[in-house]
Amino acid sequence: RPEKLPELTRMHSMTDRVKGSIAEYRNQVILLLSRYVSNGKHTLQPHELKNELERVAELECFAGTQIKDSAFAKILRATQEAVVIPPYIALAVRPRVAEWQYLRVNAFEMTVEELSPSEYLEFKERLKAADDEAPPICSDFATLEIDMEPFNASFPRLTRPSSIGDGVSYLNKHLSSRMFKEAGGLQPLLDFLRTHKCVGETLMLNARIDTLEKLRSNLAKAEEFLGALPADTPVGSVATRLQELGFERGWGDTAGRIKDMVDMLSDLMQAPDADLLEKFLGRIPVIFNVAIMSPHGYFGQANVLGLPDTGGQVVYILDQVKALERDLLHHSKQQGLNFKPQIIVLTRLIPDAHGTSCNQRIEHIDGTQYSKILRVPFKNPKDGSVLRKWVSRFDVWPYMEQFTEDSVHELRAEFGGNPDLIIGNYSDGNLVAVLLAHRLKVTHCTIAHALEKTKYPNSDLNWKELDEKYHFSCQFTADLIAMNHADFIITSTYQEIAGRADAVGQYESHQAYTMPGLYRVVNGIDVFDPKFNIVSPGADADTYYPYFIKEKRLTAFHPEIEELLYGQKEDVRLCRGVLQDRSKPIIFTMARLDKVKNLTGLAEMYGKSARLRKLVNLVIVGGYIDPSLSMDREEVHQINQLHAIIDKYALDKGDMRWIVAQKHRMRNGEMYRYIADTRGAFIQPAFYEAFGLTVVEAMTSGLPTFATCHGGPAEVIKHGVSGYHIDMYRPDEVADLIADFFERCKTDPGEWDGLSKAGLERIYSKFTWEIYAERLMTLSRVYTFWKFVSNLERREARRYIEMFYNLKYRQCVKTVPLAVE
Ligand code: UDP
Ligand code: LCN
């Protein structure tokens, strides 16, 4: 196997370590492996591997031996998944963040071998094959393997896990030093500044500066001219002289700011400096028009939150637009321009709008001057008729191409040309962004919000069983296409890219996986790629602020909130259960009522814990109470389940209230604060949460927060400092953790205040929209520049992606039925 040679040393050391442990602890290892393989074909999760190891280590007959400290035990603790097909057990080991090695042990013969990703996945696929099914002939060729690695081999790549998520700094360092090493390396920078136009007007440099020499000498002249003037001299008084020297608008609004930028460029021409380069590029006015894609769900500003498929992404984008417009206007002014930035959110027009504005073509975005929502309907690809009703985000695939086609014209008409930046959101928006950016040759940014593959355990391996319901074959293919096409990807947290020491990242999980019978991904994405950048969102400061800012409190909402929380009537359209003891603090949750959010798990946990029920009331906001009102199959199931739990634990007899989804955002903001007044807490009980805006909203309100340890909240909260992590796979422990906290609060109120304060501090340091907007716009300018001057286009990869799209994605879409009106 000559192609494996470079890996041999490292791989052998791991197999050798396993062999060493087998030799040293033969009996324990035999017992352990035989237990692992005793249940036939299956996969084992990390906790199952560890629990069995503990059990064997604790057996009396092995007292005194140290298998728990052996090299094999360490490898097992670093294993993220094991595939058992007796007598074999194959391990996917992740010794460090984003580093993977694969091993296979024969539990009967005690032999060990290393596997390549492809071999491991091929072995895993056998879980899905019938026992008597013959292995595929010419398996190497008969299975479609997706491998992006060869395209990225010559591309700069980070090496330190701690640098993941700060791709732009690395890229600037790498490419700026390369620019200086190559003869004429600075020419592309000159070309970039010379080709710069906005609405036909030349910016930055005009034709008078046509060589680097000329640039150098005219920079010196400009420096001298500007240096002699007061710093606040307006640009109007210097523009003519600067134009004669070759400098057009775009450098600044005063002599001082123009000189700043001129100095930066002179310095850059002298020596490479990545930070300075980033600062300089961040000031070039290249982005004026931004198109943001978010097709699925009800995208609107009122009455939409909590509707199926309509949650954080809508909140995120509306806040993002406000923050970006503010930043663009500020930037444009500072650079001496008076262009009106345009931000357009492209979404789906839904004729049957259910009391929302989603049937309007255009809607101005509140809190902005020029930004708007543009809605384009989905059309039946067969007869072109407009789709009237809402469809689940899992069923949108057949509509995407026509939607893109129709949107190109509408967007160009609204912008009066092409946008300068296209941002995709979630799988469908990202796919539309790929198609548009590809066609218009515009900088493309991807935001996943939630990569669905990570939310549903084994959704790749079991895709066939799930496809009828979720169409993951389309979605995961679209995700792969989008993440590889994007010029840059922004994520809300580090874990979204590369996980933690003990947990796999969302993007990382797309590195190697298999969908048996569809394709096998041996290298889907590299999390060390400099395209990844962490830019965390916040909570809108006008809506969410601490409970103790008395002068801003919206007390006018209090009677309505009190009625919502403490009303003594049940009404199937509004609520179930009443709270009897108002002196108890409230533990509160609010989310879309989908399975992964696990609101039912919270109710069950509370129902079971007599201790918790004595200490606090529970308020759940989500979904409908009456299942007949819901349009979403998963939601209906959750509604019925929640009713069953309430019945089972008699939760409607005084200590729990379930309230329908609340769509009034300002009032919701006040509700968090009202619950803080009860000295309560926010609980986010999801099995998995990609980021979790409610967590940030609660913490911004000063409400102590307990949130899932699976996903983004694990990074937003520092456990035990600014909130608590909870694992809803272990509900009894969670109930105790919350009960302990409220018991401590009873004896020491400082406990509650301390947690509330630390939560706020955490938010202010990292999760605000101001930080977000400045960072995202800098990234957009920098990646636009690098795309222009270097081979960031990745043309080979793009051709491969086009083929994948045409030969695979479009085939998958054919399996998705069209909606029936
Ligand atoms: N939300 C709401 N009313 C509801 C449920 C949710 O206003 O009944 C809001 C919530 O305040 C937050 C967003 O919807 O702003 C949910 O975002 P999150 O990131 O927590 O979850 P997602 O729904 O995006 O998965
Ligand atoms: C989607 C999700 O599921 C949430 O976890 C995020 O907070 C939201 O989008 C905004 O990014």
Side-chain angles (χ1 to χ4, degrees), residues 292 294 296-320 393 423-430 446-452 454-456 490-493 495-496 506 534-540 543-544 564 574-575 588-599 619-625 630 632 634-635 638 658-673 675 682-701 703 705 707-708 710-716 767 769 772:
I292 300 181
S294 181
H296 79 251
Y298 291 89
F299 198 105
Q301 302 182 81
N303 293 332
V304 301
L305 291 180
L307 287 176
D309 293 352
T310 311
Q313 184 174 318
V314 174
V315 174
Y316 179 115
I317 294 172
L318 289 172
D319 290 349
Q320 176 195 40
R393 68 188 192 277
I423 305 177
N425 293 277
Y426 192 71
S427 312
D428 54 338
N430 284 322
T446 275
I447 307 177
H449 293 283
L451 282 163
E452 217 71 44
T454 2
K455 275 198 195 169
Y456 297 80
I490 65 169
T491 69
S492 300
T493 53
Q495 68 77 34
E496 190 176 336
Q506 295 177 50
I534 304 164
V535 190
S536 309
D540 177 43
T543 317
Y544 306 99
L564 269 179
L574 298 174
C575 59
F588 169 57
T589 196
M590 175 164 72
R592 288 178 293 113
L593 197 49
D594 83 20
K595 190 175 160 202
V596 184
K597 296 286 182 192
N598 191 32
L599 302 189
V619 170
I620 290 183
V621 170
Y624 290 99
I625 315 292
S630 175
D632 184 46
E634 194 168 298
E635 193 179 60
Q638 289 294 300
W658 168 21
I659 303 168
V660 289
Q662 290 301 306
K663 300 171 185 157
H664 193 318
R665 218 177 153 207
M666 288 308 273
R667 193 172 70 195
N668 287 352
E670 188 58 26
M671 186 143 75
Y672 282 107
R673 293 185 288 271
I675 287 165
F682 186 76
I683 318 287
Q684 212 287 5
F687 286 124
Y688 189 84
E689 184 61 61
F691 177 65
L693 283 176
T694 51
V695 172
V696 176
E697 290 164 4
M699 289 167 75
T700 309
S701 310
L703 193 54
T705 302
T708 179
H710 301 290
E715 211 170 307
V716 177
F767 302 94
W769 282 110
Y772 176 101

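Both counts, for ligands and for their atoms, begin at 1 and track the order of listing. Hydrogens, waters and symmetry mates are skipped; everything else that's a heavy atom, side chains included, is used. As the structure is a prediction and not an experimental result, all values here were calculated from the model.
Residue-to-ligand polar distances place H449 within reach of ligand 2: an N/O pair is separated by less than 3.5 Å. Among the atoms of E689, some N or O lies under 3.5 angstrom from an N or O of ligand 2. Looking at ligand 2, you won't find any N or O of G312 less than 3.5 Å from one of its N or O atoms.
Here the closest heavy-atom approach between residue I447 and residue N430 is recorded as O-ND2, 3.1 Å. When all heavy atoms of I659 and L564 are compared, the closest pair comes out as CD1-O, 3.3 Å. Smallest separation of non-hydrogen atoms from K455 and R393: NZ-NH2, 3.7 Å.
At a heavy-atom distance under 4.0 Å, atoms from both the backbone and the side chain of A690 approach ligand 2. Residue-level proximity to ligand 2 for F691 is carried by backbone and side chain together, each with a heavy atom below 4.0 angstrom.
Ligand 2 has no atom lying under 4.0 Å from any heavy atom of G712.
Classified by interplanar angle (parallel below 30°, tilted 30° to 60°, perpendicular above 60°), the ring pair W769/Y316 is perpendicular.
Atom numbering of ligand 2 starts at 1 in the shown order; those under 4.0 Å from a heavy atom of G692 are 4 (C), 5 (O), 6 (C), 7 (O). Shown in contact with A450 at under 4.0 Å from a heavy atom are these atoms of ligand 2, numbered in order with element: 3 (O).
Salt bridge R665/D319: present, at least one basic N to carboxylate O contact under 4.0 Å. One finds a salt bridge joining E670 and R673 here, because a Lys/Arg side-chain nitrogen approaches an Asp/Glu carboxylate oxygen to under 4.0 Å.
Under 3.5 Å, the side chains of Y624 and E635 contain no donor-acceptor pair of N or O atoms. With hydrogens and angles left out, the side-chain atoms of D309 and H296 include no donor and acceptor closer than 3.5 Å. A donor-acceptor pair shorter than 3.5 Å cannot be found between the side chains of E452 and S427.
With hydrogens and angles ignored, the 3.5 Å screen pairs no side-chain donor or acceptor of Q313 with any backbone N or O of A448.
Closer than 4.0 angstrom to ligand 1 by heavy atom are L305, G311, G312, Q313, V315, M590, A591, R592, K597, V621, A661, Q662, N668, Y672, E689, G692, L693, T694, E697, sorted by chain and number.
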